[in-house]
Protein chains: 2
Amino acid sequence: MNIGTAARRSALPAKTIRYYEEIGLLRPARAGNGYRDYSGDDVHRLKFLQRARGLGFSVEECRQLLSLYGDTHRASADVKALAATKLNQIEHKIAELQSLKKTLTHLVQTCHGDARPDCPILDELSGASD
Amino acid sequence: MNIGTAARRSALPAKTIRYYEEIGLLRPARAGNGYRDYSGDDVHRLKFLQRARGLGFSVEECRQLLSLYGDTHRASADVKALAATKLNQIEHKIAELQSLKKTLTHLVQTCHGDARPDCPILDELSGASD
DNA sequence: CTTGATCTTCCAGCAACTGGAAGGATTAGT
DNA sequence: ACTAATCCTTCCAGTTGCTGGAAGATCAAG
């Protein structure tokens, strides 16, 4: 099938699919007219990528996952380790964002937000407490 | 003062400071030897940037904040609006990550994580439920 | 036979830096 | 005065993960 169809089936933009090919994540066949020709397996791979990227795995991690996926003898522990690491990173990121949220919430609440020129948010950013 | 000192005082790498200059966020003086010469105000500006970036404001948003900061007649409402928008984005991002976390937690828990080759994580990614 | 959609490649750019090379200036130590 | 280490300069390239656009081929429909 052509790239447009593969794009629809995998829920990935055609541009992204070409990019994934460029960085070696898949190698679709070519039809006689030079068009890329995607097999069901290729689409499967693309969906896998779409899901894994959506779960926050980096492209390099996706590459690892794909190779683990392709390796019928891999241990599930390897995959679990990768997922656990990613989970940790995500938790870390959440904690970080929650701390940002707390600070910003405080700032927004403190700011009277009218036409007056004094603003606690800028005061804080400018280091009024230094 | 030289860039190294400004870097230490603002907690920003020298490279980043030069980059901020390149994109027009500040314009330090130059000493006779061609070295950048940072004033206390420059460092203040750099600290402001360091804090605002740390709070998740994009460089462009920082530029806005700086111009609002420099404008003695601005309304605090303008700043508040910017901060509130950012707060919203952060909350959105947190929700997204929490959803990822939930899915990944589930996957990691389901995976037995031993030497056996079957792995629920890869099954899920490969779309076993399709 | 033409129109419009789809495909191809290539080149460029986004954010926000970061790294490194090549070379000039300064400072500390002898 | 000389040398070595450190710091400064500029410039160019790379990172991540795409995305946009131009120019040109191909295909499908009417």
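Every chain is numbered from 1 and lettered A, B, ... according to where its sequence line falls, protein lines coming before strand lines. When reading the values below, keep in mind they use all heavy atoms of this one structure, side chains included, and skip hydrogens, waters and symmetry mates.
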Inset, instruction - Send over the distance from B/Glu22 CD to C/dA15 P, rounded to a whole Å. - result: 12 Å

Legend entry - Residue A/Arg30 excluded, over 12 heavy atoms near CZ under 6.0 Å: yes

Inset, instruction - Taking salt bridge (charged side-chain N to carboxylate O under 4.0 Å, His left out) as the test, write out the residues that go with A/Arg53, two or more places apart. - result: none

Inset, instruction - Can you tell me the distance, in whole Å, between the CD1 atom of B/Ile17 and the C1' atom of C/dG19? - result: 17 Å

Inset, instruction - Grab the CZ-P distance between B/Arg63 and C/dA15 for me, whole Å please. - result: 10 Å

Inset, instruction - Examine C/dC7: is either OP1 or OP2 under 4.0 Å from a nitrogen or oxygen in the side chain of A/Asn33? Give yes or no. - result: no

Legend entry - Gap between atoms CG and C1', on A/Leu12 and D/dT19 respectively (whole Å): 14 Å

Inset, instruction - Answer with base, sugar-phosphate or nothing: what part of the nucleic acid does A/Ile23 contact at a heavy-atom distance below 4.0 Å? - result: nothing

Legend entry - Interatomic distance, A/Asp37 CG vs D/dT26 P [rounded to whole Å]: 17 Å

Inset, instruction - Measure the distance from CG on B/Leu25 to C1' on C/dC17 and round it to the nearest whole Å. - result: 13 Å

Inset, instruction - Could you check B/Arg36, B/Arg45, B/Arg27 and say which one makes a salt bridge (charged side-chain N to carboxylate O under 4.0 Å, His left out) with B/Glu21? - result: B/Arg36

Inset, instruction - First locate atom NZ of A/Lys15, then atom CD1 of A/Ile3, and finally report the distance between them rounded to the nearest 0.5 Å. - result: 10.0 Å

Inset, instruction - Say whether, by atom type as modelled, one donor and one acceptor occur between the side chain of B/Asn88 and the main chain of B/Thr85 under 3.5 angstrom. - result: no

Legend entry - Summary of protein contacts for nucleotides 10-18 of chain D, nucleotide by nucleotide, where a base hit scores B, a sugar-phosphate-only hit scores S (4.0 Å, heavy atoms): BB-----BB

Inset, instruction - Say whether B/Asn2 and B/Thr5, considering side chains only, have a donor N or O and an acceptor N or O under 3.5 Å apart. - result: no

Legend entry - Nucleotide C/dC7, atom P - distance to OH of A/Tyr35 in whole Å: 7 Å

